[in-house]
J.: 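Quick one: structure below, then a few questions.
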Amino acid sequence: MSISAKTAWHEVLHAILEDPTKSDDAITQFIENEVPDEGEILDFKQDLYISASSTYHNKKRQSELIKHFSALANVRRPARFRYLFIGFNDEGEFIGMQYLDQRDGDQILDVDDADLRNVFSDKVAPSPDFEVFELERNGCRGGVVAIRQAEQVPLVAESTLRKKGSSAFVSEGQAYTRDGSKTVRMGSDDFAAMIRYREELITSKIQDLTQGLSQVIGIPDDQLANAVCKFFAARNRLERGLC
């Protein structure tokens with residue numbers, strides 16, 4: 001199956017995942033043939049654990065989930081969906097989930113949806129919006145996590161997951177993004193760019209909302225959108241005590 005030049009692979013994939021007529025074999029073949037080997041909005045994982053037998057490694061694994069999910073949601077790229085492919089090797093080939101780690105625990109496809117979402121509850125704000133799709137081929141299990149682009153960016157850690165003593169896996173106030181195929185901690189420049197990106201998203205949504213309304217009240221689209229933007233900007237300044 002080849003992708004139309006007008007439709008990005010990440011949009012086509014989500015449509016296929018939600019199509020009940022598409023077989024797991026067809027989905028895995030699409031991923032292997034059409035999805036890039038690496039990139040900012042995708043990551044291939046042979047395994048992805050949610051828990052471990054020890055408290056230390058349990059926190060470590062949950063912190064890794066927080067980083068992976070929030071980083072993909074935070075990427076400043078016009079793609080509605082970002083993906084974690086579970087049970088795929090680094091070349092994007094489906095091999096099924098691997099259980100090579102000796103610390104026991106469950107992988108994210110071994111637990112209920114509520115248990116997975118609970119990892120982010122009270123730990124990340126806003127919580128990532130995602131869907132989990134399970135796959136099976138030739139007796140091997142795997143899956144795809146489709147993470148929606150965050151509208152209220154950036155997603156930030158709300159609590160600290162400590163290692164031992166004062167060091168931490170994830171600290172309150174930290175945020176993550178992607179640098180190529182790597183998950184990285186956001187710096188001050190990243191935060192500034194993210195705030196500008198959020199303002200662009202808000203402006204775009206306001207423009208969408210005001211289209212058509214301008215005809216009713218007799219004000220051009222651009223003037224109405226500009227007035228609404230100024231209103232929200234003034235309200236934000238008041239809330240921050242700046243005026």
Side-chain angles (χ1 to χ4, degrees), residues 1-50 61 64-101 105-113 115-117 119-120 128-151 153 155 176-184 197 201:
M1 177 180 181
S2 61
I3 300 176
S4 166
K6 295 183 179 180
T7 308
W9 67 264
H10 43 83
E11 289 289 343
V12 176
L13 176 57
H14 192 263
I16 293 175
L17 289 168
E18 291 197 317
D19 186 345
T21 67
K22 297 297 183 183
S23 67
D24 288 359
D25 190 57
I27 295 171
T28 53
Q29 284 186 21
F30 179 89
I31 295 169
E32 291 174 335
N33 296 331
E34 303 290 357
V35 174
D37 292 342
E38 61 180 23
E40 289 183 321
I41 62 169
L42 65 109
D43 204 353
F44 292 107
K45 299 288 184 183
Q46 295 186 32
D47 56 29
L48 191 58
Y49 285 86
I50 187 175
R61 286 176 170 175
E64 289 172 350
L65 288 180
I66 289 171
K67 292 176 182 178
H68 289 317
F69 278 63
S70 61
L72 285 166
N74 281 336
V75 171
R76 302 192 315 276
R77 181 171 168 180
R80 289 193 304 157
F81 305 101
R82 295 87 193 282
Y83 297 94
L84 281 169
F85 298 100
I86 316 301
F88 291 78
N89 62 21
D90 291 340
E91 286 72 44
E93 299 173 343
F94 184 74
I95 58 175
M97 288 191 302
Q98 305 297 297
Y99 291 84
L100 304 177
D101 200 299
D106 294 315
Q107 296 203 41
I108 67 170
L109 299 180
D110 296 329
V111 302
D112 292 336
D113 183 75
D115 292 330
L116 178 56
R117 294 183 187 280
V119 171
F120 308 101
D129 183 5
F130 61 88
E131 303 166 90
V132 179
F133 301 89
E134 295 196 33
L135 301 172
E136 183 174 345
R137 187 173 74 178
N138 298 329
C140 297
R141 290 179 62 227
V144 179
V145 183
I147 303 170
R148 284 187 174 271
Q149 177 187 25
E151 293 187 357
V153 290
L155 275 62
Y176 296 86
T177 187
R178 301 271 293 176
D179 182 6
S181 59
K182 295 181 180 179
T183 295
V184 297
Y197 179 62
L201 287 176

J.: Would a distance-only check, ignoring hydrogens and angles, find a side-chain to backbone donor-acceptor pair under 3.5 Å from D47 to Y99?
T.: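 Between the backbone of Y99 and the side chain of D47 there is no qualifying donor-acceptor contact (under 3.5 Å).
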J.: Rounded at 0.5 Å granularity, tell me how far CG in L135 sits from SG in C140.
T.: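 Taking CG in L135 and SG in C140, the distance rounds to 11.5 Å.
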J.: Using a 4.5 Å cut-off on heavy atoms from C-beta on, say whether the side chain of D37 contacts that of D90.
T.: no
J.: Quick one: OG1 on T183 to OH on Y176, what's the gap to the nearest 0.5 Å?
T.: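 Going from the OG1 atom of T183 to the OH atom of Y176 covers 10.0 Å.
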J.: Could you walk me through whether R137 and D25 pass the side chain to side chain contact (heavy atoms under 4.5 Å, CB included) test, one step at a time?
T.: CA-CA 6 Å; R137 187 173 74 178; D25 190 57; 3.0 Å; yes
J.: Taking atom CG of D106 and atom CG of L116, what is their separation to the nearest 0.5 Å?
T.: 11.5 Å
J.: Can you see which heavy atom on M97 is nearest to which on G142, and at what distance?
T.: CG-CA, 4.2 Å
J.: Which heavy-atom pair separates I108 from V111 by the least distance, and what is that distance?
T.: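 Smallest heavy-atom distance, with atoms named: O-CG2, 3.5 Å.
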J.: Which heavy atom of L72 sits nearest a heavy atom of I41, and at what distance?
T.: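 Smallest interatomic distance, heavy atoms only, reads CD2-C, 3.7 Å.
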J.: Is there a side-chain contact between F133 and E18, using heavy atoms and a 4.5 Å cut-off?
T.: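 Side chain of F133 against side chain of E18, heavy atoms only: contact under 4.5 Å found.
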J.: Any sub-3.5 Å donor-acceptor pair from Y83's side-chain atoms to V144's backbone N or O?
T.: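 Such a contact is absent between Y83 side chain and V144 backbone.
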J.: Roughly how far, to the nearest 0.5 Å, is the CG atom of N89 from the CD atom of E32?
T.: 8.5 Å
J.: Given side chains that start at C-beta, do those of F94 and N138 come closer than 4.5 Å, heavy atoms only?
T.: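 Of all side-chain heavy-atom pairs linking N138 with F94, none is under 4.5 Å.
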J.: For a quick test of reading the model, state the closest non-hydrogen atom pair linking V75 to T177 and the distance between them.
T.: CA-OG1, 4.0 Å
J.: Is any side-chain heavy atom of E11 closer than 4.5 Å to one of R80?
T.: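 In contact.
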J.: Please tell me whether F120 and F130 form a close aromatic pair, meaning their ring centres lie under 6.0 Å apart.
T.: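 Distance test on ring centres: under 6.0 Å, yes.
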J.: Hey, are the side chains of L48 and H68 touching, using non-hydrogen atoms and a 4.5 Å cut-off?
T.: yes
J.: Does any part of the side chain of R178, heavy atoms only, come nearer than 4.5 Å to the side chain of R82, both counted from C-beta?
T.: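 R82 does not reach R178 side chain to side chain.
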J.: If you draw the axis of the six-membered ring of Y49, does the NZ or CZ of R61 fall within 45° of it and under 6.0 Å from the ring centre?
T.: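 Cation-pi check for R61 and Y49: passes.
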J.: Could you check whether any side-chain heavy atom of D110 comes within less than 4.5 Å of a side-chain heavy atom of R141, counting everything from C-beta outward?
T.: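 Answer yes - side chains close enough.
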J.: Using the ring of each side chain (for Trp, its six-membered ring), is F85 parallel, tilted or perpendicular to W9, with breaks at 30° and 60°?
T.: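 Geometry flag for W9 against F85: tilted rings.
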J.: Could you report the tightest heavy-atom contact between G143 and L109, atom names first, then the distance?
T.: N-CD1, 3.6 Å
J.: In Å and rounded to the nearest 0.5 Å, what is the CG to CD1 distance from L84 to I147?
T.: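 Those atoms lie 4.5 Å apart.
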J.: Any side-chain heavy atom of K45 within less than 4.5 Å of one from I86?
T.: yes
J.: For R148 and F81: C-alpha separation, side-chain torsions, deciding distance, then whether side chain to side chain contact (heavy atoms under 4.5 Å, CB included) applies.
T.: CA-CA 5 Å; R148 284 187 174 271; F81 305 101; 3.6 Å; yes
J.: Could you report the tightest heavy-atom contact between L42 and P36, atom names first, then the distance?
T.: CD1-O, 3.6 Å
J.: Between atom CG of D113 and atom CD of E131, what is the distance when rounded to the nearest 0.5 Å?
T.: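 Rounded to the nearest 0.5 Å, the CG-CD separation comes out at 10.0 Å.
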